[in-house]
Amino acid sequence: MILVLLRRASTAPSVRVEIRGRVRIEPLGGRGVARAGTGLSEDFPLAAGAPARRIRAEEGPVVVNGKPYPGALRLAPGDRGLLPVIETDLEAYVVGVLAGELGSGFTLAALRAQAVASRTYVLSRLRSTPPGQPWHVADDVTAQVFVGVPPEPIFRKAAADTGGLILAWRGAPIPAYFHSTCGGHTAPAEEVFGLAGIPPLSGVPCEFCRSAKYYRWETRLSADDVARAASMPPPATGISVLRRGFGGRALSVLVEGARPATLAASDLRLRLGAEKLRSTLILDIARSGPDFVLSGGGWGHGVGMCQMGAQGMGRAGASASDILAHYYPGAALTRLY
Ligand SMILES: [Zn+2]
């Protein structure tokens with residue numbers, strides 16, 4: 001069972017819940033039935049003090065704020081009130097992640113590979129849930145984008161074709177990270193997340209994402225924005241890469257100006273915004289009037305499977321296991337159930 005926080009819904013004062021057919025509402029963590037009946041269309045408050053509940057459809061999805069989800073909806077006590085949390089089995093979770101992460105334009109091989117990666121990733125995350133937190137992962141990019149029950153059958157097929165398969169290293173599921181586009185080489189997990197000792201996440205060359213939209217990019221940054229990102233008085237007068245990692249990503253950068261600063265390239269990316277600086281694979285830096293123009297490659301942190309590369313491999317006839325063996329070398333494709 002996976003508990004998924006509906007992040008955006010959690011910021012509103014209430015959630016709208018709709019269910020067709022038989023409904024069962026139970027006190028969360030208690031016994032008995034608070035309510036049972038047929039059909040539901042109601043706003044449930046999330047304010048502190050509102051009753052914690054488990055709302056379940058006996059058949060079909062539970063619709064939260066207009067979107068269908070598998071399993072049941074928990075209204076679980078958080079720090080400032082109730083949190084909307086979907087309680088779903090692993091396979092239904094994977095289906096909703098495939099639709100959120102890849103969409104239906106991907107080859108079946110890429111979708112199957114993503115299904116194995118996503119199933120593995122969430123299992124590796126279950127152990128790191130802080131005690132007392134009423135959810136395992138959120139439904140956004142802090143874990144994997146989960147969109148509930150998608151209408152397209154291809155996602156169910158890709159999940160079912162690989163049902164129960166995970167990637168293991170020394171008997172444990174690996175943190176099977178993935179990202180949109182690597183730009184030519186994936187990054188070691190040790191460089192990006194400080195995660196050492198997992199050889200399948202050491203980084204590999206990738207020639208399969210060359211036709212991706214963000215294989216190469218250019219971004220224009222104002223001298224003031226760069227100074228702000230480096231916590232110095234504006235304007236910044238120069239940027240240079242001080243250190244590169246395996247595969248060529250920038251590890252640290254020097255920002256020059258009134259108070260020169262050295263910072264991790266990942267921090268620069270975080271502070272400028274991931275849309276402004278799509279990756280730390282910064283290949284060239286030029287001045288253009290008062291601005292800096294950075295050219296680089298890839299989109300995302302670069303660790304694990306390159307999704308656009310998986311698509312490229314799938315288009316060239318590779319199978320899901322070929323794709324997984326390329327991006328997670330040495331990981332054992334293992335049947336969990
Ligand atoms: Zn790639």
Side-chain angles (χ1 to χ4, degrees), residues 97-121 124 141 143-145 158 162 167 169 174-193 195 198-219 241 244-251 265-266 269-270 274-284 294-331 333:
V97 167
L98 289 179
E101 285 288 341
L102 289 189
S104 54
F106 279 75
T107 60
L108 194 53
L111 286 165
R112 286 173 177 150
Q114 179 74 54
V116 175
S118 290
R119 188 179 294 114
T120 308
Y121 176 81
S124 78
V141 292
Q144 318 189 75
V145 178
T162 62
L167 295 163
W169 171 256
I174 62 168
Y177 286 102
F178 53 86
H179 58 279
S180 167
T181 307
C182 77
H185 205 292
T186 69
E190 185 167 4
E191 274 177 12
V192 178
F193 302 118
L195 205 62
I198 308 174
L201 297 177
S202 303
V204 294
C206 166
E207 62 200 72
F208 308 107
C209 58
R210 274 177 189 279
S211 58
K213 186 171 177 192
Y214 296 112
Y215 180 74
R216 291 290 175 262
W217 45 255
E218 216 176 75
T219 189
V241 174
R244 290 186 186 275
F246 177 64
R249 280 176 177 70
L251 294 181
S266 55
R269 177 165 184 253
L270 206 69
E275 301 279 318
K276 254 306 193 211
L277 190 58
R278 293 193 181 273
S279 84
T280 55
L281 185 56
I282 301 164
L283 300 171
D284 187 57
L294 274 58
S295 327
W299 189 7
H301 52 60
V303 179
M305 187 174 76
C306 167
Q307 291 171 322
M308 294 309 295
Q311 173 72 338
M313 287 185 76
R315 280 200 178 129
S319 69
S321 54
D322 295 336
I323 294 169
L324 295 167
H326 180 73
Y327 291 108
Y328 305 102
L333 193 57

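Both backbone and side-chain heavy atoms feed into the values below; hydrogens, waters and symmetry mates do not. Numbering of ligands and ligand atoms starts at 1, following listing order. Quick caveat, the model's predicted, so the values are computed rather than measured. The residues of the chain are indexed from 1 along the displayed sequence.
The Zn ion (ligand 1) has no N, O or S atom of His185 inside 2.8 Å of it.
The SG atom of Cys209, the Zn ion (ligand 1) and the SG atom of Cys182 define an angle of 110° (nearest 10 degrees). Between the SG atom of Cys306 and the SG atom of Cys206, the angle taken at the Zn ion (ligand 1) works out to 120° after rounding to 10°.
Interatomic distance, SG of Cys206 versus CE of Met313, reported as 8.5 Å (0.5 Å rounding).
Remark: the Ser180 side chain and the Arg278 side chain contain no N/O donor-acceptor pair separated by less than 3.5 Å.
Relative ring orientation between Tyr327 and Phe208 is described as perpendicular, the plane-to-plane angle rising above 60° on a 0-90° scale split at 30° and 60°.
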inquiry  = Pair Leu333, Leu167 - check side chain to side chain contact (heavy atoms under 4.5 Å, CB included), show working.
reply    = CA-CA 5 Å; Leu333 193 57; Leu167 295 163; 4.0 Å; yes
